[in-house]
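Here the structure comes first, spelled out in structure tokens, and everything after it is commentary.
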Amino acid sequence: MSQETDIPDLPTEITPQSQDFGRWYIDVVRRAELADYSPVKGCMVIRPYGYAIWELMQQALDKRFKATGHVNAYFPLFIPESLLMKEAEHVQGFAPQVAWVTQGGNEVLEERLVVRPTSETIIGTMYAKWVHSWRDLPILINQWANVVRWEKVTRLFLRTTEFLWQEGHTAHETAEEAQEETMKMLGIYKEFAETELAMPVIEGQKSESEKFAGAVNTYSIEALMRDGRALQAGTSHNLGQNFARVFDIKFQARDKSVQFVYGTSWGVSTRMIGAVIMTHGDDGGLILPPRIAPYQVVIVPIPRGNWKETVLPKAQTIRDDLVARGVRVMLDDRDTQTPGWKYNEWELRGVPLRLEIGPKDIEKSQVVLARRDTREKSFVPMDGLTPKVEEMLAAIQKALYDRAVQFREEHTTAADTYAEFKAVMDGRPGFVISPWCGSATCEADIKAETQATIRNIPFTSAPATGKTCIKCDGAAIALAWFAKSY
RNA sequence: CGGGGCGUGGCUCAGCCUGGUAGAGCACUCGGUUCGGGACCGAGGGGUCGAAGGUUCAAAUCCUUUCGCCCCGACCA
């Protein structure tokens, strides 16, 4: 197998990351046709190519939810005002972000409805009706839904007024079971992110001020984007008995006493698509991990002479062989575009592997394979092609993950003093691991002065014994991971 | 919600300062030659210049109002 060293420059149509990362992101989303702005302020249209990525993510997640005993259901989009108002902390957290429905047809509603920002309240109300005995537990329900949060500042995929997500809502007999569920689902998110999205994440606990409104504890997975900012990619909440008390979700326990259930909720959203873009993309556009790429291989036939009688049938055969093995393939046989144009287009859209085939290849019974991640080209014999393609897709998946891990390691720094901390945040941003005293005041001051927030306190974080808070010099309770975030 | 910027064919923009009846590139349609890293030639189609009002013989251009969007900051999956 020979390698071509002559890799052409990346196209210039997309703003380079180094010039303006935010602009680069928007350019990629729009040029790759993942999404577009809609006529509705703050809302986006997810285009077929972007939606195909979401569908692949959904399938991968749904499979995992089912495998751990969860079932899907669907709850209403509208929530009566009185339900939302029941849990004090929850209301306070979401009130500024809810959209109200005040009128139906021509009639003013007696009770206003909110468009769900999340469904704890309406699901809790139903659980109260369904749970009577410890034998009814646990309830392990997930729903795939849209939610609406009135946002002042929106960004495609990362924060839009309406977005798609899944929200799991479970009810358990004991506090221990609820905590176990909370951790299990966070673990599933981590495993999903790492194996399907090739995106390494840090699992940990949120600080009190970053916690979900109404939860006892919130845990998150945090990923590092290529501009050095962190992105919360998924959350899992232990709700304790907070919602159970308010919604009266009671059951008769094994000891005949009446108890409130222990709840959890957990979710990931279409924001994950933004995370993938900003984890793997380069100046040439999108780079998709093979496992969630709508097209894993694009076949570009070289149209020359009577190619429709020679090259094209061979390309079709190759496609059929790959499809038979479950590989997602696009055969780009348009004769309105040149091969070079197609190379650039599909690279921009992140297709992991390109297969070129022309008359010369047919003579030699070979094809050209070009990797999107390294942009390396190689000649591969037609014989044994399918296994070779599968092998390369797996190699790309792994390479993307390894590269992302390396990037994160290179952009993670420990800082025991505030001076060091600020130096890193001003310089090359990323995660900074620092001792923290646990005070919300210190946390807020650090944010005000450096824009960095506590992303989470990883489970694997070393104990902070003997260390002092970078802000107030008080005894540290933990080594927290700080970063500027999306 | 504060600061900045922008609304002109599908897209990116020029034209506005100094009013004179709308232009370029790309995209699109048709025909032909091409095609191994964003092809070329020829012929076409497409815009009441975000909206409303005003000034003027005449407004994309000047004035007023208004709507929308984008970017940067305070709140959030």
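Just so we're on the same page: letters track the sequence lines, and every chain starts at 1.
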Taking only the [atom1] atom of each, what is the distance from [N] to [M] in whole angstrom?
N      : M      : atom1 : value
A59(B) : A14(B) : P     : 24 Å
C40(B) : G5(B)  : P     : 39 Å
C26(B) : A43(B) : P     : 15 Å
U8(B)  : G4(B)  : C1'   : 22 Å
A77(B) : G9(B)  : C1'   : 39 Å
U12(B) : C30(B) : P     : 25 Å
U48(B) : G23(B) : P     : 14 Å
C49(B) : C62(B) : P     : 15 Å

Across the strands shown, which category fits [X] at heavy-atom distances under 4.0 angstrom: base, sugar-phosphate, nothing?
X         : result
Thr218(A) : nothing
Gly358(A) : base
Leu158(A) : base
Phe212(A) : nothing

* Please tell me which of Pro359(A) and Arg30(A) maps to the more 5' nucleotide of RNA chain B, matching each residue to the nucleotide holding its nearest heavy atom. =>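 Checking each residue's closest nucleotide, the 5'-ward one belongs to Arg30(A).
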* Thr336(A) or Ile362(A): which one's nearest nucleotide on RNA chain B is closer to the 5' end? ->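 Mapping each residue to its closest nucleotide by heavy atoms, the 5'-most match is Ile362(A).
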[X] (side chain) donor-acceptor with [Y] (main chain) under 3.5 angstrom:
X         : Y         : result
Tyr49(A)  : Arg349(A) : yes
Glu443(A) : Thr453(A) : no
His70(A)  : Ile141(A) : no
Arg64(A)  : Tyr189(A) : no

[N] - base-pair partner by Watson-Crick or wobble geometry, distances under 3.5 Å:
N      : value
G23(B) : C13(B)
U48(B) : none
A39(B) : U33(B)
C6(B)  : G68(B)
C62(B) : G54(B)
G73(B) : C1(B)

Rounded to whole angstrom units, what separation is found between the [atom1] atom of [X] and the [atom2] atom of [N]?
X         : N      : atom1 : atom2 : value
Glu33(A)  : A27(B) : CD    : P     : 15 Å
Leu186(A) : A77(B) : CG    : P     : 15 Å
Asn306(A) : U34(B) : CG    : C1'   : 15 Å
Gln97(A)  : A74(B) : CD    : P     : 16 Å
Lys360(A) : C35(B) : NZ    : P     : 11 Å
Ile14(A)  : G38(B) : CD1   : P     : 17 Å
Arg354(A) : G37(B) : CZ    : P     : 10 Å
Glu151(A) : C75(B) : CD    : P     : 13 Å

* **Asp227(A) and Trp24(A): side chain donor to acceptor below 3.5 Å** =>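 No, because no side-chain N or O of Asp227(A) sits under 3.5 Å from a partner of the opposite role on Trp24(A).
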Could you work out which one of [options] sits closest to the side chain of [X]?
X         : options                : result
Arg271(A) : G38(B), A77(B), C35(B) : A77(B)
Arg159(A) : C76(B), A77(B), G37(B) : C76(B)
Lys152(A) : C35(B), C76(B), A74(B) : A74(B)
Thr235(A) : C71(B), A77(B), G36(B) : A77(B)
Arg23(A)  : C70(B), G36(B), A77(B) : C70(B)
Ile302(A) : G37(B), C76(B), C35(B) : C35(B)
Val153(A) : C76(B), G36(B), C1(B)  : C1(B)

* Heavy-atom contacts under 4.0 Å between residues 443-452 of chain A and RNA chain B, which residues? ->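 Result for residues 443-452 of chain A: Lys447(A), Gln451(A), sorted by number.
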* Asked: Which of residues 70-81 of chain A sit near RNA chain B, with a heavy atom under 4.0 Å from it?
  ->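 Residues of residues 70-81 of chain A that come under 4.0 Å of RNA chain B do not exist, since none gets that close.
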Would you check if [X] and [Y] make a side-chain contact, meaning some heavy-atom pair closer than 4.5 Å?
X         : Y         : answer
Lys471(A) : Thr441(A) : no
Met330(A) : Val297(A) : no
Phe247(A) : Met126(A) : no
Lys86(A)  : Thr121(A) : no

* Asked: Any side-chain N or O of Thr338(A) under 4.0 Å from OP1/OP2 of A39(B)?
  ->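 Answer is yes, contact under 4.0 Å.
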* A39(B) base stacked by Trp341(A) (centroids within less than 5.5 Å, tilt under 30°) ->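 Whether judged by distance or by angle, Trp341(A) falls short somewhere, so it does not stack on the base of A39(B).
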* Asked: Are His90(A) and Phe243(A) an aromatic pair by the rule of ring centers under 6.0 Å?
  ->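 Between Phe243(A) and His90(A), which both carry aromatic rings, the centre distance is below 6.0 Å.
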* To do: Classify the ring geometry between Phe421(A) and Tyr418(A) as parallel (under 30°), tilted (30 to 60°) or perpendicular (over 60°).
  =>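 Ring orientation, 0 to 90° scale: parallel.
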* **Arg226(A) NZ/CZ over Phe407(A) ring centroid, <6.0 Å and within 45° of normal** =>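 Output yes; distance and angle both within limits.
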* To do: Please name the residue in the list Trp266(A), Tyr219(A), Phe212(A) that meets the ring-ring contact (aromatic ring centres under 6.0 Å, His included) test with His237(A).
  =>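 One option only clears the test, and that one is Phe212(A).
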* Asked: Got a donor-acceptor pair under 3.5 Å from the side chain of Lys377(A) to the base of G36(B)?
  ->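 Donor-acceptor pair under 3.5 Å: no.
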* To do: Establish whether the base of G38(B) is bridged to the side chain of Gln337(A) by a donor-acceptor pair shorter than 3.5 Å.
  =>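 No pair found.
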